[in-house]
Amino acid sequence: MLKQQQNSKAGSLPDEAGHFGDFGGKFVAETLMQPLRELEEAYAACKADPEFQQILNADLQHYVGRPSPLYLAERLTQQVGGAAIYLKREDLNHTGAHKINNTVGQALVAARMGKKRIIAETGAGQHGVATATVAARLGLECVVYMGSEDIQRQSLNVYRMRLLGATVVSVESGSKTLKDAMNEAMRDWVANVDNTFYIIGTVAGPHPYPMMVRDFQIVIGEESRQQMLKQHGGLPDSVVACVGGGSNAIGMFHAFLEDQQVEIFGVEAGGDGVDTGRHAAPLCAGRPGVLHGNRTYLMQDDNGQIIETHSISAGLDYPGVGPEHSWLKESGRVGYVNITDDQAMAAFHQLTLTEGIMPALESSHAMAYGVELAASMSADQAVLICLSGRGDKDVHTVAALQGIEV
Amino acid sequence: MSGQRKRIAECFHRLQAEGKTALITFVTAGDPDLDTSEQLMYELVEAGADILELGVPFSDPMADGPVIQQANERALAHNVSLANVMELVARFRTQDQQTPVVLMGYLNPIERMGYEEFASAAQNAGVDGVLTVDMPVEESGNYRATLSKVGLDTVFLVAPTSGPDRSQMIADASSGFLYYVSVKGVTGGIKADFSQVRETVEGLKALGGAPVGVGFGISSPEDAAIVAAFSDAVVVGSAIIKQLESAPGQAGIRAAADLVGQLRTAMDAAVGV
């Protein structure tokens with residue numbers, strides 16, 4: 001087990017009120033302000049407690065399966081003919097994605113706070129599954145909110161959550177996707193705040209969530225950095241991760257933020273192309289605003305209404321993004337780019353056929369950009385790509401696109 | 001702006017002199033359309049509303065229950081914007097210069113417009129106060145300064161979870177009135193435990209801030225009568241919208257106004273006027 005450094009030097013933000021520069025903060029109805037304060041205090045106590053860290057690290061090792069491998073994709077590298085392509089295998093975690101790193105951590109905080117009921121929102125269903133999983137393990141009641149459109153495209157994950165004993169609530173309001181699931185989870189939390197812990201799955205929401213979720217995901221980058229030094233003999237030249245809310249990306253990026261020679265790229269969902277308006281790329285084509293408790297880049301119209309997003313990947317189909325990404329964009333440290341549905345699909349097939357690894361459609365966005373980048377680089381360079389999840393859940397979507405019924 | 005009328009304060013003074021508790025009605029602007037809203041505003045005043053709260057439609061009304069969510073969706077189906085809502089208030093002001101109007105909504109449409117432009121447009125339209133659900137006092141420095149500069153009141157929510165320190169801070173930041181959310185939950189949900197509400201409201205009134213209104217979870221004339229006996233104002237929203245949507249066109253407006261008439265009668269009886 002690699003040592004987890006939760007207090008990395010890049011962790012000086014947010015400030016005490018949860019701001020990353022102009023972004024972040026706590027924009028919620030008054031009913032939630034005091035519960036958020038209690039969460040801040042409970043989390044700070046956990047963070048400072050060596051016993052908590054010890055339990056967390058043991059769970060990450062024995063339950064999640066960390067450290068996850070760093071894999072040099074040799075055939076893919078050869079095919080692309082540029083920089084060496086390294087994959088951080090978060091897809092090999094228990095439940096098949098990076099989401100479990102965070103739910104294991106938050107569930108431990110919930111247990112410390114004496115909360116008996118867990119709620120969560122989910123888009124692709126990976127966070128819902130990861131939440132239902134830890135709830136089952138701790139014997140906690142679990143309710144997962146999911147947009148009815150996502151329930152249709154991710155029926156396998158819905159069934160997995162039900163097998164794990166969770167109640168999956170179909171959300172019919174608004175665009176019936178992740179943002180509406182998050183609205184509904186917030187409404188549940190307001191009404192049941194005494195006994196309920198809300199496990200947010202990404203680095204968005206009101207403070208302290210963007211900070212707390214980041215801290216639980218930082219292990220991705222910390223491990224990757226040490227693995228690159230050991231296996232590659234140096235740091236990567238470029239680091240790439242997909243960004244919906246942005247939790248795997250923040251987790252991957254943090255360990256490299258101070259390494260100025262490392263270029264960092266966050267890949268948003270370009271959908272049909274950002275010029276069509278049908279996409280989910282707020283950092284590339286949105287404007288700052290306030291949604292779900294924080295100020296950040298949003299997909300919105302001229303009247304400040306949140307607009308519907310589109311991505312082939314349910315996990316990236318979100319009109320906002322974690323506030324720290326907004327700050328990293330403005331500071332110029334991270335470059336944010338986008339990849340269309342078609343490009344992501346091509347990358348999905350390429351990785352599957354060359355390496356026998358089926359990436360999640362979310363991670364396929366990072367793959368597509370990482371491969372493009374590698375092709376433009378020289379053979380003595382290296383690209384590190386976060387393979388945030390596996391593609392089993394997406395097989396139906398892929399089959400449907402090919403006109404095949406599975 | 002020093003010349004601005006303080007309609008909300010005037011309203012509470014007048015009611016206090018009459019021994020009455022204020023009835024504040026909430027409807028979503030543009031539900032189902034702006035003409036209906038305008039007519040409804042006159043009818044609600046006629047039926048006994050003292051202060052009108054107008055909901056500004058938003059795509060993600062996180063603090064609202066299904067009734068107000070759907071009202072938002074009906075208004076947004078024909079793109080009712082914050083600018084449209086202010087035009088609606090301006091039209092209402094040509095007929096009614098007396099009744100205070102408070103805009104209640106979410107922060108993003110105001111952020112998009114910009115605080116300065118919003119404040120001046122609201123003032124020009126004849127808006128008296130603004131309640132932004134997802135703007136807690138801690139984040140509100142610039143917002144309050146900008147709105148109060150043009151004489152707009154900033155109403156803030158106090159919740160059952162707020163506790164003494166936050167309640168004092170919120171009371172100090174609130175102007176026009178202080179809005180006590182009587183239940184842990186969204187609008188139009190469960191019924192409040194009124195004996196507990198009474199205790200909290202009496203505590204809030206002792207903080208030396210603006211008059212204290214109570215809302216979320218008050219739906220019937222009976223509820224309103226109980227709360228009117230110990231609060232400065234009673235806020236009813238979802239129950240009125242339910243009446244409005246119970247029948248199309250004029251019949252819906254009539255049903256909503258009828259409920260407001262019953263609320264008025266029950267509240268006045270409860271305080272002995």
Side-chain angles (χ1 to χ4, degrees), chain A residues 16-19 22 24-38 171-175 179-196 205-207 286-296 298-308 319-320, chain B residues 56-66 69-70 72-73 75-76 79-85 105-114 118 131-140 156-163 165-167 169-170 179-187 189-190 216:
Chain A
E16 235 172 73
H19 297 118
D22 290 338
K26 260 190 219 169
F27 294 91
V28 294
E30 171 59 24
T31 312
L32 291 178
M33 289 301 284
Q34 184 58 26
L36 284 170
R37 170 50 60 96
E38 285 163 19
V171 177
E172 302 288 345
S173 56
S175 61
K179 84 170 171 75
D180 310 284
M182 201 154 178
N183 292 336
E184 209 54 41
M186 289 266 184
R187 291 179 188 122
D188 179 314
W189 198 33
V190 169
N192 299 295
V193 71
D194 294 333
N195 72 343
T196 298
H207 180 65
R287 281 181 295 223
V290 171
L291 178 70
H292 293 152
N294 66 102
R295 184 177 284 122
T296 193
L298 297 174
M299 305 264 299
Q300 55 177 316
D301 68 14
D302 291 342
N303 297 323
Q305 306 297 345
I306 307 307
I307 53 182
E308 287 192 25
Chain B
V56 179
F58 183 52
S59 51
D60 294 81
M62 281 179 299
D64 286 299
Q69 282 175 49
Q70 282 155 24
N72 276 274
E73 288 182 13
L76 288 175
N79 300 314
V80 172
S81 67
L82 178 54
N84 294 150
V85 177
Y106 294 81
L107 184 55
N108 200 51
I110 297 176
E111 289 251 327
R112 184 76 200 93
M113 184 174 280
F118 167 71
L131 196 181
T132 303
V133 177
D134 53 351
M135 172 59 99
V137 172
E138 284 90 333
E139 298 278 359
S140 72
F156 284 90
L157 301 172
V158 184
T161 50
S162 296
D165 293 349
R166 292 194 59 78
S167 297
M169 177 179 73
I170 298 164
Y179 188 136
Y180 180 61
V181 174
S182 66
V183 295
K184 289 180 196 170
V186 293
T187 52
I190 50 166
F216 284 47

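Naming: A, B, ... by sequence-line order, numbering from 1 per chain.
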Counting only heavy atoms closer than 4.5 Å, note whether Val193(A) contacts chain B via side chain, backbone, both or neither.
-> side chain
Examine distances only and state if a side-chain atom of Arg287(A) and a backbone atom of Gly304(A) form a donor-acceptor pair shorter than 3.5 Å.
-> no
Which portion of Val56(B) sits near chain A, non-hydrogen atoms under 4.5 angstrom = neither
Checking heavy atoms, do the side chain of Ile170(B), its backbone, both or neither come under 4.5 Å from chain A?
-> side chain
What part of Leu82(B) is in contact with chain A, defined as an atom under 4.5 angstrom from a non-hydrogen atom: side chain, backbone, both or neither?
-> neither
Pick from His19(A), Arg37(A), Met182(A): which one has the most heavy-atom pairs with chain B under 4.5 Å?
-> His19(A)
Within a strict 4.5 Å, meaning less than it, do heavy atoms of the Gln300(A) and Pro109(B) side chains meet?
-> no
Scan side-chain atoms only and decide if Asp180(A) and Ser175(A) contain a donor-acceptor pair under the 3.5 Å cut-off.
-> yes
When only pairs under 4.5 Å are counted, which of Asp194(A), Leu32(A), Ile307(A) shares the most heavy-atom pairs with chain B?
-> Asp194(A)
To the nearest 0.5 Å, tell me how far Met33(A) CE sits from Phe27(A) CZ.
-> 9.5 Å
Under 4.5 Å from a heavy atom of chain A, the part of Val158(B) involved | backbone
Determine yes or no for a side-chain-to-main-chain donor-acceptor pair under 3.5 angstrom, with Asn72(B) supplying the side chain and Phe58(B) the backbone.
-> yes
Residue Pro35(A) versus chain B: region with a heavy atom under 4.5 Å | side chain
Indicate yes or no for a side-chain donor-acceptor contact from Asp301(A) to the backbone of Asn303(A) under 3.5 Å, with no hydrogens or angles considered.
-> yes
Taking Thr31(A) for the side chain and Val190(A) for the main chain, is one N or O donor matched with an acceptor at less than 3.5 Å?
-> no
Could you check which of Glu184(A), Gln34(A), Met186(A) has the highest count of heavy-atom pairs closer than 4.5 Å to chain B?
-> Gln34(A)
Portion of Asn84(B) that has a non-hydrogen atom of chain A nearer than 4.5 angstrom = neither
With a 4.5 angstrom heavy-atom cut-off, could you sort out which part of Pro66(B) is near chain A: side chain, backbone, both or neither?
-> neither
With a 4.5 Å cut-off on heavy-atom pairs, point out which of Glu111(B), Met62(B), Arg112(B) contacts chain A the most.
-> Arg112(B)
Among Ala63(B), Gly163(B), Ser162(B), the residue with the most heavy-atom pairs under 4.5 Å to chain A is Ser162(B)
Which one, Gln69(B), Glu138(B), Met135(B), Glu73(B), leads in non-hydrogen pairs under 4.5 Å with chain A?
-> Gln69(B)
Reported CG-to-CG distance for the pair Asp134(B) and Asn294(A), which is rounded to 0.5 angstrom | 11.0 Å
Among Asn79(B), Asp60(B), Val183(B), which residue forms the greatest number of heavy-atom pairs with chain A at distances under 4.5 Å?
-> Asp60(B)
Is a donor on one side and an acceptor on the other found under 3.5 Å between the side chain of His292(A) and the backbone of Lys179(A)?
-> yes
Proximity breakdown for Ile110(B) and chain A, heavy-atom pairs closer than 4.5 Å = neither
